[in-house]
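Structure first, then comments.
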Amino acid sequence: MKTLSNMGFAFFGAALVAISYGLARFAFGLFVPSISNELDLSAYIVGIIGALPFVSFVLATMVAPLAANRLGARNLAVLSGCFGVAGLALISRSSDALSLGIGVFTCGVCTGLMMPALTSAMQVLVSRSMHGRVSSIMNAGTSIGIIVAVPTVVFLADAWRFTYTSFAVLAGIGVVAAWFFIPSVSRVIPANAAPPPPVTRQQWSRLVRLSLFAFAMGFVSAPYWIFAPDLVVRLGELPPAFTGWLWFAAGIAGLGGAVVSDVADRNNPPITQALMLMMLAASLVLLAASPDQLALTMFSALVFGLAYMSLTGLYLMTGIRLLPGRPSMGPVLPFMACALGQAAGSPMVGMLVGKFGYADAFSVFCVIGILVAVLSPLYPGHIDYLTDDDEQPQEVEPEETGLQAAYDHQFLDEDGNPLEPVGDEEEAETEETTK
């Protein structure tokens, strides 16, 4: 195994996330116009197929922590990559809705297994004082993968089979690289970390609220990920090649999502969540209102990308804070809820598109997004107004907020203090155990 530095692992992890999330999961919407035309798929069928990777993502995420402990980080990352290769290759050879559905379902498994594998490896290879920065860079891989997919649509709009074959080759390269650069260890929780305390009733209450908001956000975002390119082609009559610029704008704006979510955690998470949900809803109605205006559609994608990535980053930090010491539960549950929301929203928007058209369907989801944003005071931020009567809400000090602070308090020692960053002696011992 080749040893990577902290930042080296961050960029390598971002590359694997770009393949598993950006190409295998979110790039599908870009090719919906070409795929649906060639395979003669209705909007409802496309909606059902679009929901499959989110369903398989949830199923894979449920077994990923156990798989990481049994297989180790390296084998789990390789297994994830193999699912990606198989799914992408199957999509490239699809002849009907069934084979296409199996392909996108397999790609969702790849996505659900990759991040737990990288998280397990991060515990060994990366100093704890760098976990926040490394995690931010890896999460940016989703936007990078979306951006990478853009040239294939701009220049190969109708050659979706060749494009997915190329994606499969990239995934294969990722599999080989994962074997050489990711350790075989399965340490998700550091050996010197104290066992987490039992989950309290208040923690459950906050976690349920967080998961409900994540589900609603995933539900509202589903129309954009699956049908936005198809909308501008069919309703706006723009050339299919132009749809690539939608994802380019969304990917570029999404790179700023980590910054926004970090700032939000340092200030007022409920207000930020309300603002981002309103932006998400606005991007839907703006796209539906002006699908023939390339500049406005790109602005809509910018708004959507920034809002979506900011919200996912905010949910990640909140989940880590709510359940310290439980990395397989706290940050995972909101992402599973978001994927379930997308899985529920995809067939719903497909049905509405088939009955009422794109404009009305997107408008309905816009209204739902606004209604959820109004409920944002219930979001479990630093000041929680739904605490028990005998517990006074306390505001977290400014120096204890932000993504790195969330990771600093994720694991505690037996005295209840955050674990110290990895020292030179521990790093040397770690290198020996990973070879």
Side-chain angles (χ1 to χ4, degrees), residues 1-21 24-25 57 59-86 108-142 145 170-193 316 320 325-332 335-336 407 410-411 419 421-422 426-435:
M1 187 201 84
K2 305 293 183 181
T3 302
L4 293 172
S5 64
N6 290 335
M7 296 309 295
F9 178 80
F11 290 116
F12 176 68
L16 294 182
V17 170
I19 295 172
S20 58
Y21 279 74
R25 180 174 170 185
F57 170 82
L59 296 176
T61 302
M62 292 174 64
V63 303
L66 178 61
N69 290 330
R70 293 291 181 87
L71 301 177
R74 177 192 299 164
N75 291 334
L76 185 60
V78 169
L79 179 62
S80 170
C82 290
F83 273 108
V85 173
V109 176
C110 161
T111 309
L113 296 179
M114 182 56 74
M115 191 57 78
L118 293 176
T119 301
S120 179
M122 184 175 71
Q123 296 298 333
V124 175
L125 294 180
V126 178
S127 300
R128 296 188 189 107
S129 60
M130 293 287 290
H131 280 189
R133 183 179 303 176
V134 170
S135 179
S136 293
I137 294 175
M138 290 197 301
N139 288 337
T142 300
L170 287 176
I173 295 174
V175 170
V176 176
W179 179 260
F180 281 99
F181 291 106
I182 293 183
S184 60
V185 296
S186 58
R187 185 198 304 175
V188 178
I189 300 178
N192 57 339
L316 169 67
I320 293 174
R326 300 178 186 272
S328 300
M329 186 177 180
V332 172
F335 278 95
M336 291 177 58
Y407 276 106
Q410 175 71 339
F411 299 115
L419 291 179
V422 179
E426 188 177 344
E427 285 184 348
E429 180 182 349
T430 297
E431 285 191 17
E432 292 297 324
T433 61
T434 56
K435 290 182 179 178

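Between F335 and F57 the shortest heavy-atom distance is O-CE2, 3.7 Å. Between V85 and V175, the shortest heavy-atom contact is CG2-CG2, 4.3 Å. Heavy atoms only, all atoms of each residue included: G112 and A60 are closest at CA-CB, 3.9 Å. Residues A117 and A77 come closest through the heavy atom pair CB-N, 3.7 Å. Taking both residues in full, the closest heavy atoms of L316 and S135 are given as CD2-OG, 4.2 Å, listed atom of the first, atom of the second, then distance. Residues A178 and R74 come closest through the heavy atom pair O-CG, 3.9 Å.
Without hydrogens or angle criteria, T111 side chain to S20 main chain gives a donor-acceptor distance under 3.5 Å. Looking at T119, its side chain does come within 3.5 Å of a backbone N or O of M115 through a donor-acceptor pair. Remark: the backbone N or O of G108 is not paired with any side-chain donor or acceptor of R25 at under 3.5 angstrom.
The ring-ring contact (aromatic ring centres under 6.0 Å, His included) search around F12 returns F181, not counting sequence neighbours. Taking A14 as the reference, I137 meet the side-chain contact (heavy atoms from CB on, under 4.5 Å) condition, with sequence neighbours excluded. Taking A67 as the reference, L71, L76 meet the side-chain contact (heavy atoms from CB on, under 4.5 Å) condition, with sequence neighbours excluded.
Enclosure of atom CE in M7 by more than 12 non-hydrogen atoms of other residues, nucleotides or ligands within 6.0 angstrom is indicated.
Put simply, CG on L113 and OG1 on T61 are 7.5 Å apart, with the number rounded to the nearest 0.5 Å. Interatomic distance, L118 CG to I182 CD1, rounded to the nearest 0.5 Å: 5.0 Å.
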